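Here's the structure we're looking at; comments come further down.
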Amino acid sequence: GDSVTQMEGPVTLSEEACLTINCTYTATGYPSLFWYVQYPGEGLQLLLKATKADDKGSNKGFEATYRKETTSFHLEKGSVQVSDSAVYFCALTPGGGTSYGKLTFGQGTILTVHP
Amino acid sequence: NAGVTQTPKFQVLKTGQSMTLQCAQDMNHEYMSWYRQDPGMGLRLIHYSVGAGITDQGEVPNGYNVSRSTTEDFPLRLLSAAPSQTSVYFCATKGANYGYTFGSGTRLTVV
């Protein structure tokens, strides 16, 4: 079945440092890929998405590129802020289009940013 | 526009007790689902529904029941709670594009 693997956490950074959270996936066909963010005490929010190979999703200074050749969707940010402290989840849905694809999540990566 | 509303936010149960976690949405989304979140395991799908009267099992359905009598509501029932069901539960809906909307969660402790 489909699976998503994220880098081991937690990750602790100083403000303005660069961030990379690795994500690789296993899926048949052409899945859609997502990054979700969960702030303390809240539900999950969609951060960015990509629906086909070489697409780049971006939002709030975060970016991720859909790399089919390496089955990866790494999350990057050039300069993190304290307010970015949260749990980040990589996820996929099978296939493309607007099907009712079920979300499969990675295990989550806790990011803590210190002033 | 409330989105997805989950109740209660917190609950403590004794082993063997039953309860229902409520999920209501006002976005007219056909797809609704329940996930549980456990440390180091991400979110795992319990049950889902693609419309009123239609439900199906996800990855970890044992110990949970669901029904979908209306588009708006998708309750999750624990018939006989066990400590292994201690978790944070999220309801999520999906609209016509890729937009999943999550509720704020229910933190359940079974003692």
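Bear in mind the structure is a predicted one, so any value in this text is a computation, not a measurement. Lettering follows sequence order; numbering is per chain, from 1.
Heavy-atom neighbours of chain B within the stretch residues 20-28 of chain A, taken at a separation under 4.5 angstrom, are nonexistent. Within residues 36-47 of chain B, the residues having any heavy atom under 4.5 Å from a heavy atom of chain A are, by residue number, B/Gln37, B/Gly40, B/Met41, B/Gly42, B/Leu43, B/Leu45.
The greatest number of non-hydrogen atom pairs below 4.5 Å with chain B, out of A/Gln107, A/Glu42, A/Gln45, is found for A/Gln107.
With hydrophobic clusters built from ILVMFWY side chains whose heavy atoms lie under 4.5 angstrom apart, A/Met7 shares a cluster with A/Leu111. Put simply, A/Leu103 and B/Val50 are part of the same group of oily side chains (I, L, V, M, F, W, Y) that touch within less than 4.5 Å, one to the next. Residues B/Val4 and B/Trp34 are members of separate hydrophobic clusters, defined by side-chain heavy-atom contacts under 4.5 angstrom among Ile, Leu, Val, Met, Phe, Trp and Tyr. Both B/Leu108 and B/Phe74 sit in one connected hydrophobic cluster of ILVMFWY residues. Membership requires side-chain heavy atoms under 4.5 Å apart, directly or through other members. Hydrophobic cluster membership differs between B/Leu76 and B/Tyr35, with clusters built from Ile, Leu, Val, Met, Phe, Trp and Tyr side chains linked at under 4.5 angstrom.
Summarising the geometry, atom OH belonging to B/Tyr31 is positioned 7.0 Å from atom NZ belonging to A/Lys102; distances are rounded to the nearest 0.5 Å. The CZ atom of B/Phe90 sits 6.0 Å away from atom CG of A/Leu44, with the distance rounded to the nearest 0.5 Å.
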Could you list the donor-acceptor pairs under 3.5 angstrom formed by side chains in residues 8-24 of chain B, with sequence neighbours left out?
from, atom 1, to, atom 2, distance (Å)
B/Lys9, NZ, B/Ser104, OG, 3.3
B/Thr15, OG1, B/Val111, O, 2.8
B/Gln17, OE1, B/Lys14, N, 2.7

Could you go through residues 80-91 of chain A and list every donor-acceptor pair under 3.5 Å that involves a side-chain atom there, pairing it with any protein atom two or more places apart or in another chain?
from, atom 1, to, atom 2, distance (Å)
A/Asp84, OD1, A/Lys77, NZ, 3.2
A/Asp84, OD2, A/Lys77, NZ, 2.7
A/Asp84, OD2, A/Gln81, N, 2.8
A/Ser85, OG, A/Val82, O, 2.9
A/Ser85, OG, A/Val113, N, 2.9
A/Tyr88, OH, A/Asp84, O, 2.6

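When heavy atoms are compared at a cutoff of 4.5 Å, A/Gln6 does not approach chain B at all.
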